[in-house]
Structure formats: C-alpha cells, structure tokens
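So the structure is just underneath, and the comments pick up after that.
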Amino acid sequence: MAKPILYKKNAFDATKSTIFSYAYTGAQQFKVSLKAYDSVTSALIYSGEQTHRTLDYTLPANSLTNGKSYNIEVTVYDKDNVASETANKILIICFLTPTFSLNISNNQIINNSIYSSEITYSQITGELLDYFVINLMDLSNNVISTSGNLYPLSYQTGEKWFYLLTSLLDNTSYRIQATGKTVNGMDLSTGIINFSVEYTSPAIYSKISLENIESEASVKIQSNYIAVEGRSSPSPPTYINNEEVDLTARNSLVEFTQGYSINNNFSISLNCRNLKKTVNFLCFFNAEPDVILFDAKPEDGIFLKQMEGIFDGATKVYFVLSATNGTFKYRVVSNLLNNLIAGETYNLEIKKKNNLYSIKAKIITQRANLTKKSEVVV
C-alpha cells in the first residue's frame with residue numbers, strides 16, 4: 001500500500017483535543033491508527049485507532065502532557081485490514097494555552113475618537129510571543145484598519161504591547177480582533193470583540209452665520225449673540241474707562257439672573273484685583289435669589305471670598321469656595337499667594353467635576369508695572 005504523509009503540526013495545548021491531517025493516495029481508507037512517542041525516551045505514550053474515511057485523526061484531550069515534545073506517526077488500513085507503510089514521524093510540542101487578550105471587553109463603550117488598544121500575553125512555561133496583528137472591523141467584518149504583523153522588540157512573557165486606534169466615529173459600532181503566533185507556532189486569537197463609540201463633539205459656533213437663498217435673491221443673516229441683561233447696585237454702576245465696573249462701595253454688586261445657566265461640570269476663569277477681604281465677591285445661585293448676596297448661606301449657591309492669614313511668619317492671601325455636595329456643605333481652599341498689593345491682578349480658576357470643586361489662584365501682573373490706582377474690579 002501507499003505511504004501516508006503526515007502534515008506538519010504547530011504546537012498545541014494537550015488539555016484540548018486536536019486534529020492531525022495527512023495525505024494518502026493508496027487504497028480507500030477504512031481506519032487509521034496514531035501513535036505518540038516521547039521525543040526524549042522514545043517510550044510509547046499514546047496509541048489509538050479511529051474508523052472513518054476522512055484523512056485525519058482527532059487526538060482526544062489529555063492524551064499527552066503539556067511541557068513535553070512527542071514524535072507522531074500514523075498508519076492507514078484498508079477494508080481488508082491491510083496496513084500501509086507508516087508515515088514519517090513529525091515532532092510536536094505541547095504547552096498550556098497562553099493568556100492572550102485585549103484591553104477591550106465585549107460591548108464596551110469607548111468615549112473617545114482615539115483609543116490605545118493593549119495586548120497582554122503570558123505563558124506559564126515561558127513560551128514566547130512571535131508576532132501579533134490587530135484588525136479593526138465594521139459589523140460586516142470588513143477590515144477598516146490593521147496594525148499588520150507586529151513583532152515585539154523584547155520577547156519576555158508577561159509583557160504588554162500597544163496599538164493606537166484612531167479616527168473612531170461617534171455613535172458607531174465596531175469589531176476588533178487580535179491574532180498571533182508563538183515562537184513554536186501556536187495560533188493565538190482573542191476572538192471577535194464588539195464595542196461601540198460614544199463621545200461628545202464640541203460644537204463650533206460662528207458669531208454670525210450667512211445663508212444664501214438663491215430662489216429669493218437674498219441672504220439670511222443669523223446672529224448667535226445672546227443678550228444677557230443684568231442689574232446693578234448702585235444703578236447705574238460706576239464704570240472705569242468704560243470697560244470695568246467699580247465695586248468699591250459697600251454692598252455694590254452686579255448680577256445676571258436670566259439668559260444663561262451653568263449646569264453639570266464646568267470651568268471658570270476670573271481676573272480680579274483689590275477685593276475686600278472676608279466678603280463674598282462672587283456667587284452662583286441655585287435659583288433666582290430672594291436673599292442679599294452678602295447675607296447668603298452655602299445652601300443658597302456657590303460663594304467665593306478672599307481671606308488672609310499668617311503662615312510661617314508671613315502674611316499670605318488665599319480664597320475660600322463654599323458650596324454643597326448633595327446634602328453636605330463644605331469649603332474648598334485655594335493655594336497661598338504672597339500678600340497682594342493695590343492694583344495687583346490675579347487669576348482664579350474654578351472647576352467643578354462630578355459634583356466636586358477645586359480652586360487655584362495665581363498672580364498674573366508683574367509688581368514693577370503696577371499703578372497706584374485703587375479700583376476694585378471683578
């Protein structure tokens with residue numbers, strides 16, 4: 001009878017069943033036998049027969065042991081139980097399936113147009129990763145982008161490697177899959193992972209927009225300015241160079257209660273000078289107030305005041321923000337500044353994120369350039 005040719009077999013996990021394939025052109029096959037020998041001692045470790053006409057043999061799980069290598073041979077039998085020549089042996093290696101994963105879970109939502117995909121690889125007996133490839137696909141499995149074959153610069157098990165996904169579209173679903181091979185040829189795959197992208201794109205507004213209406217031979221002009229009306233005390237206010245309002249008088253204020261609102265997270269930047277100490281100089285009310293700004297309580301809104309104290313023997317200035325976090329009232333204190341002199345301008349940056357506030361202060365006017373004016377400006 002003819003001699004079967006056993007195809008080369010990549011490394012595999014002995015705890016899982018695997019298929020050996022071969023070529024054979026002799027009399028019709030009736031059954032096939034497979035034997036596995038320890039490659040070091042030549043001891044027979046496995047011997048079995050399977051009756052079918054397909055040119056393959058399924059080795060059951062746990063027939064061999066991970067961490068060892070074996071020589072494999074097959075023999076084909078016809079319907080009269082006449083054996084073929086034994087195929088030339090092939091060498092195979094068994095080891096436990098490595099950990100090979102992406103840092104994206106199934107049905108995950110990514111809140112950005114850019115994402116750094118991360119491959120994690122490890123193998124308990126030290127089998128090294130040869131290469132991997134990451135494919136980004138649409139829901140029809142069409143490849144949108146691919147990393148190509150990436151070869152680790154170092155081959156240490158347990159390391160992580162990265163590939164940047166870019167130009168991800170908002171409100172779009174994707175699929176991603178990483179595949180690869182170990183240095184001994186074991187195939188690796190994360191399987192196909194579904195994920196979606198949802199993020200907020202900042203709107204870009206023009207102060208004035210123009211639309212050409214050809215059918216009417218006219219141009220539509222739209223203004224995106226919103227008039228925010230306020231009131232002051234005293235009224236009218238005292239202006240400085242027609243640009244700033246002088247708030248030096250006791251209980252003087254300017255307030256805006258209509259035309260805008262500040263919700264959720266926000267950042268506010270203020271330039272200030274010559275503030276009165278221990279007096280609220282800025283307030284955001286939770287609703288239109290029925291209280292006087294200077295008599296307001298923390299539960300009424302968000303308040304900011306300037307304070308002064310002695311620290312390490314020197315006079316320092318700091319700012320205190322009073323607010324509420326749900327049912328809890330609390331205060332946030334800024335960093336310390338050197339004692340401010342008249343006319344010195346400083347910047348306050350106030351942030352709210354996830355119902356928590358922060359405040360940072362810095363001087364923005366060089367002292368050598370200050371004038372001797374004593375206006376109060378916010």
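Just so it is clear, the model here is predicted, and its values are computed rather than measured. All values below come from the heavy atoms of this structure, side chains included, with hydrogens, waters and symmetry mates left out.
Under the ring-ring contact (aromatic ring centres under 6.0 Å, His included) criterion, Y37 pairs with no residue at all, not counting sequence neighbours. Judged as a side-chain contact (heavy atoms from CB on, under 4.5 Å), and not counting sequence neighbours, the contacts of D80 are D78, V82. For A14, the side-chain contact (heavy atoms from CB on, under 4.5 Å) partners two or more places apart in sequence, or in a different chain, are L64, N66, C94. For K360, the salt bridge (charged side-chain N to carboxylate O under 4.0 Å, His left out) criterion is met by no residue, not counting sequence neighbours. Partners of F95 according to the ring-ring contact (aromatic ring centres under 6.0 Å, His included) rule, which considers only residues two or more places apart in sequence or in another chain, do not exist here. With sequence neighbours excluded, the residues satisfying salt bridge (charged side-chain N to carboxylate O under 4.0 Å, His left out) with K181 are D187. The side-chain contact (heavy atoms from CB on, under 4.5 Å) search around T146 returns V133, N135, V143, not counting sequence neighbours. Taking F319 as the reference, Y346 meet the ring-ring contact (aromatic ring centres under 6.0 Å, His included) condition, with sequence neighbours excluded.
Around NZ of K35, the count of heavy atoms belonging to other residues, nucleotides or ligands within 6.0 Å does not exceed 12. Residue I5 places its CD1 atom among 12 or fewer non-hydrogen atoms of other residues, nucleotides or ligands, all under 6.0 Å distant.
One side chain, T182 or E127, offers a donor N or O that lies under 3.5 Å from an acceptor on the other. N335 and K362 are not linked by any side-chain donor-acceptor pair at a separation below 3.5 angstrom, with hydrogens and angles left out of the test. Q177 and S189 share a donor-acceptor pair across their side chains, judged by distance under 3.5 Å alone. Using modelled atom types and a 3.5 Å distance limit, the side chains of N103 and T120 yield no donor-acceptor pair.
Atom-to-atom distance recorded for E73:CD and I90:CD1 is 11.0 Å, nearest 0.5 angstrom. With rounding to the nearest 0.5 Å, the separation of CD1 in I114 from OG in S167 is 7.5 Å. We find the CG-OG1 distance between L128 and T125 to be 9.5 Å, quoted to the nearest 0.5 Å.
The shortest distance between side-chain heavy atoms of N347 and S269 falls below 4.5 Å. For the pair V32/L34, no side-chain contact is recorded, criterion being any heavy-atom separation below 4.5 Å from C-beta on. Side-chain contact between K316 and N338 is present, with at least one heavy-atom pair separated by less than 4.5 Å. Looking at S334 and L348, their side chains never come closer than 4.5 Å, going by heavy atoms from C-beta outward. Looking at heavy atoms from C-beta onward, L102 lies in side-chain contact with I119 at the 4.5 angstrom threshold.
Between Y121 and W161, the ring planes lie tilted relative to each other; the angle falls in the 30° to 60° range.
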Derivation and outcome, side chain to side chain contact (heavy atoms under 4.5 Å, CB included), residues I176 and I134 | CA-CA 7 Å; I176 191 170; I134 298 176; 3.7 Å; yes
List the steps and the verdict of side-chain hydrogen bond (donor to acceptor under 3.5 Å, both in side chains) for K9 and T18.
-> CA-CA 10 Å; K9 181 72 174 176; T18 190; 2.7 Å; yes
Show your reasoning for whether side-chain hydrogen bond (donor to acceptor under 3.5 Å, both in side chains) applies to S196 and S173.
-> CA-CA 4 Å; S196 58; S173 296; 5.1 Å; no
Criterion side chain to side chain contact (heavy atoms under 4.5 Å, CB included) on F303 and L321, from CA distance to verdict | CA-CA 6 Å; F303 301 90; L321 183 147; over 6 Å; no
Starting from the C-alpha separation in whole Å, work towards a yes-or-no answer on side chain to side chain contact (heavy atoms under 4.5 Å, CB included) for L59 and F12.
-> CA-CA 11 Å; L59 182 67; F12 62 92; 4.3 Å; yes
Verdict with reasoning, E308 to T315, per side chain to side chain contact (heavy atoms under 4.5 Å, CB included) | CA-CA 7 Å; E308 185 180 283; T315 301; 3.5 Å; yes
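Of the possible donor and acceptor atoms, one in the side chain of Q123 sits under 3.5 Å from a partner among the backbone N and O of L96. A donor-acceptor pair under 3.5 Å is formed between the side chain of S117 and the backbone N or O of Y163. Checked by atom type and distance alone, the side chain of N111 pairs as donor or acceptor with a backbone atom of E198 at under 3.5 Å. T172 contributes a side-chain N or O that, together with a main-chain N or O of D170, makes up a donor-acceptor pair within less than 3.5 Å. For the pair Y131 (side chain) and G148 (backbone), a donor-acceptor distance under 3.5 Å is absent. In this structure a side-chain-to-backbone donor-acceptor pair under 3.5 Å is present from N106 to N194. No side-chain donor-acceptor contact under 3.5 Å links N107 to the backbone of F195. Checking side-chain atoms of Q29 against main-chain N and O of T54 turns up a donor-acceptor pair under 3.5 Å. The main-chain N or O of T58 is found under 3.5 Å from a side-chain atom of Q50 such that the two form a donor-acceptor pair. Between the side chain of T238 and the backbone N or O of D246, no donor-acceptor pair lies under 3.5 Å.
Every pair tested for salt bridge (Lys or Arg N to Asp or Glu O under 4.0 Å) that includes a residue from residues 143-152 fails, sequence neighbours excluded, so the list is empty. For the salt bridge (Lys or Arg N to Asp or Glu O under 4.0 Å) condition, no pair includes a residue of residues 11-24, sequence neighbours left out.
Through direct or relayed side-chain contacts under 4.5 Å between Ile, Leu, Val, Met, Phe, Trp and Tyr, F311 connects to M307, Y318, V320, V333, L336. Hydrophobic cluster membership of L139, counting Ile, Leu, Val, Met, Phe, Trp and Tyr whose side-chain heavy atoms lie under 4.5 Å apart directly or via other members: none, as it forms a cluster of its own.
For the residue pair I104 and I110, the shortest heavy atom distance occurs at CD1-CD1, 4.3 Å. The minimum heavy-atom distance between A2 and Y24, with the atom names listed, is O-CE1, 3.4 Å. Listed here is the closest heavy atom pair of D130 and Y151: O-CD2, 3.4 Å. When all heavy atoms of P4 and A87 are compared, the pair lying nearest together is O-CB, 3.2 Å. A pairwise comparison of heavy atoms in E49 and S33 identifies CG-CB, 3.7 Å as the closest pair. The two residues Y46 and Y57 come nearest to each other via the heavy atoms OH-OH, 2.7 Å.
Put simply, Y174 and M137 are part of two different groups of oily side chains (I, L, V, M, F, W, Y) that touch within less than 4.5 Å, one to the next. By the criterion of side-chain heavy atoms lying less than 4.5 angstrom apart, applied directly or through intervening Ile, Leu, Val, Met, Phe, Trp or Tyr residues, I93 is not grouped with Y7; the two fall into different hydrophobic clusters. Residues Y199 and L165 share a single hydrophobic cluster, defined by chaining ILVMFWY side chains whose heavy atoms lie under 4.5 Å apart. I144 and Y115 end up in the same hydrophobic cluster when Ile, Leu, Val, Met, Phe, Trp and Tyr side chains are linked at under 4.5 Å. Cluster annotation: V317 and I363 are assigned to the same hydrophobic cluster (Ile/Leu/Val/Met/Phe/Trp/Tyr, side-chain heavy-atom contacts under 4.5 Å, transitive).
F30 does not carry K79 over the face of its six-membered ring by the limits of under 6.0 Å from the centre and within 45° of the normal.
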